[in-house]
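These notes concern the structure reproduced below.
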Amino acid sequence: MHNLTLMKNLKYIIPLLLLLVFSCKKSDLKNFDGTSDIYWSNIISTQNSLLNTDSAVFSFAFGSAKVTDTLLKLPVKIMGFAASEDRAFRVKAQDSSTMVAGKHYDALPESFIMHANKIIDTVTIRIHRTPDMLKGELTLYLELLPNENFTASLKTYKKMTATVTKIKASDVIIRPKYWLDAYLGVFSRKKALMLIEIVGVDMAAMNNTAPDITNVAGYGRSLQQYLDEQRVAGNIIYEEDGITEMTMGGSI
């Protein structure tokens, strides 16, 4: 008798359970239609490299002397689901920045866009090479602001805000860690730029990775050959003081 009653009840219970299951699955597929928290991702890409955000350091000095600007691409993420439409978000340069809009970087637009169906997008900033960058680093603090689409309150480790990122830019060349005097001679900015321009040396790599001695010797020979050719042609290349003739290391 009990089994017969149970079988009768199951005729009504099973369809109800199936309805509940499919209803839940359908609701899980809905796009998020509220506000999301927006924050800077932990990677910045430039035209040539990847950098950590919180204190991104970019130097024009490691590239060609002909380069006058560069594009920095800063990924921005959201906490939440993608939306089915584009959503605007705002970025502000903080007053503590030493870079000036219109001089060191292009003025920021009124808003940027988190495109439809995305939880990560890109803020692109054009940085300009200026004479004052020869004297030291300039800094740009970029802050994400809340609006009708996004909140901006996410904290990270030790309660540091994730809504402000710092960019440092300069045109300063410091002596690379693996500069070898025996082959390259006394370090100078002018010589480093000539190695970049004439020989094609990756000065940033020389600062990060111990080079093959054979390669460094090759750099020295190539630039010395150029200096010798210029001397023969009546164009002696001097160091930055305008007095000392540029030469490579004693082993060349």
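We count residues from 1, following the sequence as given.
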Quickly, which of Arg129, Arg126, His104 forms a side-chain hydrogen bond (donor to acceptor under 3.5 Å, both in side chains) with Asp69? Name it, please. Arg126
What residues, two or more places apart in sequence or in another chain, satisfy side-chain hydrogen bond (donor to acceptor under 3.5 Å, both in side chains) together with Ser251? none
Heavy-atom neighbours of Glu110 CD exceed 12 at 6.0 Å: no
Just so I know, are the side chains of Val91 and Leu145 near enough to count as touching, which here means a heavy-atom distance under 4.5 Å? no
ring-ring contact (aromatic ring centres under 6.0 Å, His included) contacts touching residues 180-212 (sequence neighbours left out): Trp179-Phe187
Looking only at side-chain N and O atoms, does Glu239 offer a donor or acceptor that is under 3.5 Å from a partner on Ser188? yes
Quick one: list whatever passes side-chain contact (heavy atoms from CB on, under 4.5 Å) with Ser96, sequence neighbours left out. Gln94, Tyr141
Whether Gln224 side chain and Met248 backbone form a donor-acceptor pair below 3.5 Å: yes
Counting N and O atoms only, with roles assigned by atom type, does the side chain of Trp40 sit under 3.5 Å from a partner on the main chain of Val76, one being a donor and the other an acceptor? no
Mind checking side-chain hydrogen bond (donor to acceptor under 3.5 Å, both in side chains) for Ser59 and listing every partner two or more places apart, or none if nothing turns up? none
Quick one, Ile167 and Phe58 - any side-chain contact, counting heavy atoms below 4.5 Å? no
Would you call Arg231-Asp228 a salt bridge at under 4.0 Å N-O? yes
Decide yes or no on side chain to side chain contact (heavy atoms under 4.5 Å, CB included) for Ile125 and Leu108, but give the supporting numbers first. CA-CA 8 Å; Ile125 307 292; Leu108 302 177; 3.4 Å; yes
Under 3.5 Å, side chain of Asn149 to main-chain N/O of Phe89, donor-acceptor pair present? no
Say whether, by atom type as modelled, one donor and one acceptor occur between the side chain of Thr98 and the main chain of Thr139 under 3.5 angstrom. yes
Is Ile213 reachable from Met206 through a run of I, L, V, M, F, W or Y residues, each pair having side-chain heavy atoms under 4.5 Å apart? yes
Electrostatic pair Asp121-Arg87, nearest N-O below 4.0 angstrom: no
Do the side chains of His128 and Asp106 get nearer than 4.5 Å, heavy atoms only? yes
His115 versus Asn117: any side-chain heavy-atom pair under 4.5 Å? no
Nearest 0.5 Å, please: how far is CE in Met114 from CD1 in Ile120? 7.5 Å
The criterion is ring-ring contact (aromatic ring centres under 6.0 Å, His included); which residues satisfy it with Tyr219, sequence neighbours excluded? none
Between Met99 and Thr130, is any pair of side-chain heavy atoms under 4.5 Å apart? no
Are side-chain heavy atoms of Leu138 and Lys103 found at a separation under 4.5 Å? no
Under 3.5 Å, which donor-acceptor pairs link side chains of residues 190-201 to any protein atom two or more places apart or in another chain?
| from | atom 1 | to | atom 2 | distance (Å) |
| --- | --- | --- | --- | --- |
| Lys190 | NZ | Tyr238 | O | 2.6 |
| Lys191 | NZ | Leu184 | O | 2.9 |
| Lys191 | NZ | Val186 | O | 3.0 |
| Lys191 | NZ | Thr247 | O | 2.8 |
| Glu197 | OE1 | Ser64 | OG | 3.1 |
| Glu197 | OE1 | Ala65 | N | 3.2 |
| Glu197 | OE2 | Ser64 | OG | 3.4 |

